[in-house]
Amino acid sequence: MLRTHKCGELRKAQVGETVTICGWVDSRRDHGGLVFVDLRDRYGKVQVVFDPSEGAEQHAAAGDVRNEDVLQVTGRVVARAPKDVNAKIPTGEIDIRSQKLVVLNKSRTVPFEPSTTNPPNEEFRLKYRFLDLRRPRLQELVLFRHRLTKLIRDYFDRDGFLEIETPMLGRSTPEGARDYLVPSRVHPGCFYALPQSPQIYKQILMVAGFDRYMQIARCFRDEDLRADRQPEFTQVDIEMAFVEREDILQTVDGLVKFLMREVRGEDFPLPLPRLTYREAMERYGSDKPDLRYGMELHDLGPLVQNCGFSVFKNTLAGGGRVRGLCAPQAAEKYSRRQIDDLTLFVKDFKAQGLAFFRVTEAGLDSPIAKFFTPEEQAAIKAEFQAQPGDVIFCVADKPSVTSAALGALRSRLGKELKLFDPNQMHFAWILDFPLFSWNEEEKRWDAEHHPFCNPVPEDVPFFETDPGQIRATSYDLVINGYEGASGSVRIHDPAVQQKVFDLLGIPAEQAEERFSFLLEALRYGAPPHAGIALGLDRWVMLFTGCDNIRDVIAFPKTQKASDLLSGAPSTVDARQLKELSIRVEEPPK
RNA sequence: GGCUCCGUAGCUCAGUCGGUUUAGAGCGCUGGCCUGUCACGCCAGAGGUCGCGGGUUCAAGUCCCGUCGGAGUCGCCA
């Protein structure tokens with residue numbers, strides 16, 4: 001070992017001991033006579049004093065030391081005089097008086113200091129990720145991720161779950177997200193796909209009798225990125241046999257309670273709240289509402305069906321809806337111009353427009369208020385129990401558009417009006433999703449969750465009459481407006497599986513070709529089973545209060561899926577391509 | 001693929017409404033001084049294809065078009 005102690009662990013208790021420590025130069029203060037160096041490792045930093053009276057050589061060498069050089073220092077731990085104590089750091093009551101200095105490695109001048117209080121832009125941080133990761137904040141996030149992952153493993157281990165690895169090189173299935181493909185050398189023209197999730201394998205593990213499975217699984221989806229989406233990400237993948245929906249919900253409820261206690265010391269009440277999909281869409285306009293605040297959507301149809309405002313009246317007459325929400329005390333924060341911005345915002349969600357009313361003592365103040373009788377105004381005000389200073393926003397449109405537009409508006413206003421405590425974590429289940437959704441462009445039914453999701457048994461008759469009515473035995477766990485986990489009871493009956501494929505328009509022979517290994521497995525005694533997958537990156541992000549997923553991933557990719565540190569993706573040698581029987585059609589410029 | 005924002009010294013930024021001169025500051029860097037600093041201090045200094053390309057103009061960091069890169073978002077994400 002090159003060290004006897006870590007920099008950050010030294011305290012008054014070690015005073016008098018001679019120690020050897022290693023670390024990076026966090027900063028150097030050269031007083032000509034005395035030289036002070038803050039030496040940093042991942043446990044913290046400690047001040048080393050280089051005094052000429054302890055040896056001319058080590059003192060002179062300290063004068064040549066620069067930031068981020070790697071040092072090994074042997075010296076005595078001494079207590080600081082009371083006036084010299086630095087209360088800002090845990091090691092501030094002691095110094096290391098150097099007796100020997102070894103420069104283990106010089107550093108080039110770093111493009112930015114890990115100790116900076118004002119980190120550079122993200123592009124630069126990603127290019128020099130090894131320096132960025134030296135920053136205390138990032139070290140803290142990496143450490144927390146380790147801890148959370150370990151707690152999750154412990155929780156499932158204690159409950160008898162087995163961690164089983166599944167292949168990374170699998171078979172491409174055209175449904176779902178775009179696959180990342182890996183060419184096969186020994187099978188020219190054939191490709192593996194990296195897993196979008198271990199879905200099929202974990203179901204097969206159930207058939208194989210491993211009735212409690214979990215895996216911290218890396219997954220890959222070649223879709224466009226977001227603040228909470230990376231092309232490769234980590235799922236806590238769970239599957240259980242001989243269980244019902246309720247068992248999965250309770251298992252995850254227990255995990256949440258366990259984590260909230262271990263991480264935050266909070267006694268989290270169970271069960272977690274549950275809402276149906278229909279209820280979520282009706283009250284919040286979203287299937288993943290942020291439930292840290294209210295500001296619910298209200299149906300204004302009955303109140304305005306006879307009003308003088310033709311937009312509302314005509315929309316209602318045409319089968320549309322008029323819905324709205326009441327933004328508390330927004331009148332002063334939103335000028336006319338800012339409301340125009342909100343109007344543009346809801347147009348992104350296909351809304352034709354955004355009506356608004358400023359709530360006053362007397363009634364409603366708005367360019368369109370004149371179209372509403374005093375009674376109608378009073379009714380709208382009463383519907384929201386609106387207070388003077390509030391602003392009521394309304395969208396009149398197709399039902400789905402009112403949800404999408406108002407759901408997005410609610411989310412935006414919630415942030416802008418700071419309607420929630422950023423430290424709070426709110427978990428809720430969304431249940432009874434539709435099993436299928438109608439794809440208007442392609443004129444066909446799509447699986448809302450995935451094609452292996454079991455329908456709610458009493459809805460099975462709807463297969464013949466109204467597939468849109470079929471509820472799925474699926475469930476999402478929503479955390480602060482993010483989809484934190486998603487799962488379902490699976491189909492274990494080949495006949496039901498066949499019904500689903502039929503409705504999705506996947507011909508029997510095609511289903512057989514794509515999923516034969518699953519379908520075959522289901523025919524050999526598949527137990528009823530259900531599962532769920534947690535988005536580990538998002539959980540870490542939410543627990544740590546980060547606003548993007550990249551900060552909790554050691555080596556993340558940019559929005560264009562590049563790794564700025566390594567330069568991936570890159571072109572490859574012609575020889576490699578030839579070996580793989582691949583010809584690139586249009587070589588990059 | 002669409003929309004929006006950003007790109008000036010190694011880094012963080014200023015550079016105005018309204019186009020012009022030698023493009024500035026702080027941090028960092030280099031040299032010197034300094035024995036109790038911890039955002040050390042003091043003195044001196046170096047450092048710029050204003051992302052890139054084109055256009056408008058007597059004149060472009062500034063205006064216009066394109067492009068590259070980064071971010072947010074819609075589509076997409078069974």
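Taking atom C1' on both B/G24 and B/U67, the two are 30 Å apart, rounded to the nearest angstrom. Taking the P atoms as reference points, B/G32 lies 48 Å from B/C68, given to the whole Å.
Counting only distance, with no hydrogens or angles, the side chain of A/Q58 and the backbone of A/D51 share a donor-acceptor pair below 3.5 Å.
B/G24 is paired with B/C13 under the Watson-Crick or G-U wobble criterion, all donor-acceptor distances under 3.5 Å. As the counterpart of B/G75, no nucleotide is assigned, since no Watson-Crick or G-U wobble pattern has both distances under 3.5 Å. The partner of B/U67 is B/G51, by the rule that a Watson-Crick or G-U pair needs both atom distances under 3.5 Å. Across all strands shown, nothing is found opposite B/G36 as a Watson-Crick or G-U wobble partner with both distances under 3.5 Å.
At a cut-off of 3.5 angstrom, counting only N and O atoms as typed in the model, there is no donor on one side facing an acceptor on the other between the side-chain of A/R125 and the base of B/G70. Between the side chain of A/R229 and the base of B/C77 there is at least one donor-acceptor pair of N/O atoms closer than 3.5 Å.
A ring-centre distance under 6.0 Å is found for A/F452 and A/F515.
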Identify all pairs in which a protein N or O lies below 3.5 Å from an N or O of nucleotides 66-69 of chain B, and state each distance.
residue, atom, partner, partner atom, Å
B/G69, O2', A/E123, OE2, 2.5

With 3.5 Å as the limit, what N/O pairs link the protein to nucleotides 4-10 of chain B?
residue, atom, partner, partner atom, Å
B/G10, O2', A/P111, O, 3.2

So which protein N/O to nucleotides 39-43 of chain B N/O distances come out below 3.5 Å?
residue, atom, partner, partner atom, Å
B/A39, OP1, A/K88, NZ, 3.3
B/A39, OP2, A/K88, NZ, 2.8
B/C40, N3, A/H31, NE2, 3.4
B/C40, N4, A/D30, O, 2.6

